[in-house]
Amino acid sequence: MSRLNSHDDFTPLKEIVVGSAANYLSHERDVSFELFHHENLSGFRSDWAYPRLSRAAAGHRESWAIKERYAEELHEDVEALAAALAELGAVVHRPLPLPPDAALIAGLGWEAAPTPALNIRDNTLILGDEIIETPPAIRSRYLETRLLAPVFTGYWEKGARWTTMPRPTLTDNSFDLSYARDTATTLGGPTEVVEDPQPSPYDVGVEMMLDGAQVLRLGRDLVVNVAQGNHALGAEWLQRHLGDRYRVHRVWRMADNHIDSMVLALKPGVFLARHSGIRDLMPEPLRSWRYIVPPEPDAGAFPVYDDYEDLVLTSPYIDLNVLSVDENTVLVNEDCTGLIKTLDAAGFTTVPVRHRHRRLFGGGFHCFTLDTVRGGAREDYLS
């Protein structure tokens with residue numbers, strides 16, 4: 001294990017953490033889960049997920065089972081991803097696996113079954129030699145970074161700084177609902193519980209929530225997606241904490257939360273973008289970069305799921321969630337042939353890797369990984 005050093009997503013990759021899919025058995029459908037995924041959840045009646053007689057119960061939740069075959073295939077694909085990165089020369093670290101009999105975790109007024117440390121980009125932000133654990137927005141993920149504690153401890157022992165942003169209480173009233181109410185796209189709009197948050201003796205008002213995947217790292221510059229008040233508080237904390245070491249650029253509602261399936265930097269001067277309009281949403285100094293826009297996703301490249309039994313958590317654009325090994329080499333889902341052809345034509349070397357059920361588990365290769373050592377420094381790419 002080397003000293004922590006990661007300032008971007010494209011300089012030569014030396015060490016990386018690959019998440020674990022072990023014992024991913026269910027989704028916890030509570031207000032935090034529904035709100036986070038509300039743009040992609042469809043076909044489910046909120047009054048079924050949240051029976052009216054149960055709504056008054058503090059922290060009410062429904063455990064939604066994941067089919068065993070999908071969970072097994074996810075595990076196979078994540079292990080293959082880890083092997084592919086090792087073959088490319090990266091040192092691969094892994095989190096602790098979630099035990100199959102893991103106890104419920106509990107907060108003030110709620111409880112949830114924990115989630116394995118799979119989408120590890122979300123709850124941690126690496127900035128140079130600092131580990132920043134970010135404030136989670138989903139209750140079932142509240143203790144997820146504890147599964148990464150052995151890895152983080154190793155880097156801390158090598159000299160890394162290790163910081164935890166303020167942890168939210170996550171009562172119903174902790175959430176700013178403005179984005180969900182302004183962009184109601186699910187069947188019947190936001191869920192019943194989101195429309196009628198229940199009071200709690202632990203309410204403190206709108207709280208800080210910000211995922212690491214809402215931050216685009218470009219050396220000295222950080223582009224932070226802010227969609228509502230929870231994110232605004234998190235971006236303000238980052239600005240105060242980082243001081244003049246970094247420039248924090250806020251972009252408004254580029255996405256509901258994460259932006260790494262909207263825009264990723266492939267190398268200095270080049271972005272991979274979902275659509276050409278992304279340019280206009282970016283900070284002015286970055287609008288002169290090249291924006292590579294792949295063809296629209298091919299519906300035939302995705303497994304067909306049951307409209308009633310299977311929860312689809314991401315849009316078909318999830319395959320833009322690629323992972324760069326260096327400025328020329330990019331890991332891409334092998335089923336996303338249009339993207340592969342686009343990147344090949346742009347002069348990149350693509351490494352096809354299998355990831356079948358990306359829409360069911362909320363992440364791609366960038367989500368599943370946390371690069372901890374890259375060859376770059378805190379460069380000023382905007383000057």
Side-chain angles (χ1 to χ4, degrees), residues 7-14 16 18 77 80-90 121 213 216-219 221 223 225 251 254-255 258-303 314-359 363-369 371 374-376 379 381-382:
H7 299 270
D8 55 64
D9 289 333
F10 48 76
T11 51
L13 180 65
K14 307 295 185 182
I16 193 166
V18 176
D77 291 351
L81 169 64
L85 285 164
E87 289 174 6
L88 289 167
R121 184 78 57 172
L216 174 65
R217 303 176 305 146
L218 293 169
D221 293 275
V223 179
N225 181 57
V251 294
M254 181 180 287
H258 299 170
I259 60 173
D260 54 353
S261 290
M262 302 294 294
V263 61
L264 277 171
L266 300 179
K267 63 181 179 180
V270 180
F271 287 123
L272 176 65
R274 179 181 296 192
H275 55 78
S276 59
I278 293 292
R279 183 191 305 271
D280 298 330
L281 300 176
M282 294 288 277
E284 179 63 35
L286 294 171
R287 294 179 188 176
S288 62
W289 285 31
R290 180 186 179 191
Y291 287 75
I292 298 175
V293 179
E296 288 293 301
D298 177 6
F302 297 95
T314 69
S315 79
Y317 296 93
I318 186 60
D319 286 331
L320 271 70
N321 195 260
V322 299
L323 178 68
S324 292
V325 176
D326 54 43
E327 294 184 13
N328 301 305
T329 310
V330 187
L331 269 66
V332 186
N333 192 334
E334 67 179 18
D335 289 332
C336 197
T337 55
L339 176 57
I340 291 173
K341 291 177 182 177
T342 299
L343 292 176
D344 286 344
F348 292 92
T349 298
T350 54
V351 179
V353 181
R354 185 174 64 178
H355 180 16
R356 286 164 283 186
H357 301 297
R358 59 273 202 202
R359 298 197 69 192
F365 300 143
H366 194 255
C367 296
F368 287 177
T369 56
D371 36 311
R374 285 189 180 265
E379 302 283 357
Y381 294 107
L382 272 62

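Treat the numbers as computed from the prediction; the structure is a model and nothing was measured. Basis for what follows: all heavy atoms, side chains included, without hydrogens, waters or symmetry-related copies.
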Practice problem: Evaluate the criterion side-chain contact (heavy atoms from CB on, under 4.5 Å) for residue pair Leu88 and Leu331; output intermediate values, then yes/no. | Solution: CA-CA 10 Å; Leu88 289 167; Leu331 269 66; 3.6 Å; yes
Quiz item: Can you list the steps and then say if Ile16 with Leu323 is a side-chain contact (heavy atoms from CB on, under 4.5 Å)?
Solution: CA-CA 11 Å; Ile16 193 166; Leu323 178 68; 3.8 Å; yes
For [X] versus [Y], what's the shortest heavy-atom pair and its separation?
X: Leu339; Y: Pro294; value: CD1-CB, 3.8 Å
X: Pro285; Y: Ser288; value: O-OG, 3.8 Å
X: His7; Y: Gly376; value: CD2-O, 3.6 Å
X: Ser324; Y: Val330; value: OG-CG2, 4.0 Å
X: Phe10; Y: Ala265; value: CD2-O, 3.6 Å
X: Thr11; Y: Gly375; value: OG1-N, 3.9 Å

Self-check item: Backbone N/O of Val325 and side chain of Thr329: donor-acceptor pair under 3.5 Å
Solution: no
Exercise. Say whether, by atom type as modelled, one donor and one acceptor occur between the side chain of Arg374 and the main chain of Pro12 under 3.5 angstrom.
Key: no
Nearest-0.5 Å distance, [atom1] of residue [X] to [atom2] of residue [Y]:
X: Leu320; Y: Cys336; atom1: CG; atom2: SG; result: 7.0 Å
X: Asp221; Y: Leu216; atom1: CG; atom2: CG; result: 9.5 Å
X: Asn328; Y: Thr349; atom1: CG; atom2: OG1; result: 6.5 Å
X: Asp371; Y: Asp8; atom1: CG; atom2: CG; result: 8.0 Å
X: Asn321; Y: Leu272; atom1: CG; atom2: CG; result: 10.0 Å

Practice problem: Establish, for the pair Lys267 and Tyr381, whether the NZ or CZ atom is under 6.0 angstrom from the six-membered ring centre and no further than 45 degrees off its axis. | Solution: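 Judged by the rule (NZ or CZ under 6.0 Å from the ring centre, within 45° of its axis), Lys267 is not positioned above Tyr381.
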Self-check item: By side-chain contact (heavy atoms from CB on, under 4.5 Å) - contacts of Arg290 (at least two apart)
Solution: Val270, Ile292, Ala346
Exercise. Could you pull out all residues at least two apart from Asp344 that satisfy side-chain contact (heavy atoms from CB on, under 4.5 Å)?
Key: Ile340, Thr350
Do the charged groups of [X] and [Y] touch, with an N to O distance under 4.0 Å?
X: Arg217; Y: Asp260; answer: no
X: Lys14; Y: Asp326; answer: no
X: Asp77; Y: Arg356; answer: yes

In the structure I gave you, are the side-chain heavy atoms of [X] and [Y] within less than 4.5 Å of one another anywhere?
X: Trp289; Y: Leu218; answer: yes
X: Phe302; Y: Asp319; answer: yes
X: Phe271; Y: Arg279; answer: no
X: Val18; Y: Leu81; answer: yes
X: Val353; Y: Asn333; answer: no
X: Arg274; Y: Leu264; answer: no
X: Val322; Y: Leu266; answer: yes
X: Tyr291; Y: Ser276; answer: no

Quiz item: Is it true that the side chains of His366 and Asp9 contain a donor and an acceptor less than 3.5 Å apart?
Solution: yes
Quiz item: Would you say the side chains of Arg358 and Thr314 form a donor-acceptor pair under 3.5 Å?
Solution: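 No, no side-chain donor-acceptor contact under 3.5 Å.
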Quiz item: Is it true that His355 and Phe368 have ring centroids separated by less than 6.0 Å?
Solution: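 They qualify: ring centres under 6.0 Å apart.
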Exercise. Take Val332 and Leu343, measure what side-chain contact (heavy atoms from CB on, under 4.5 Å) needs, and give me the verdict at the end.
Key: CA-CA 9 Å; Val332 186; Leu343 292 176; 3.8 Å; yes
Quiz item: Run the side-chain contact (heavy atoms from CB on, under 4.5 Å) check on Met254 and Val263 step by step: do they pass?
Solution: CA-CA 9 Å; Met254 181 180 287; Val263 61; 3.8 Å; yes
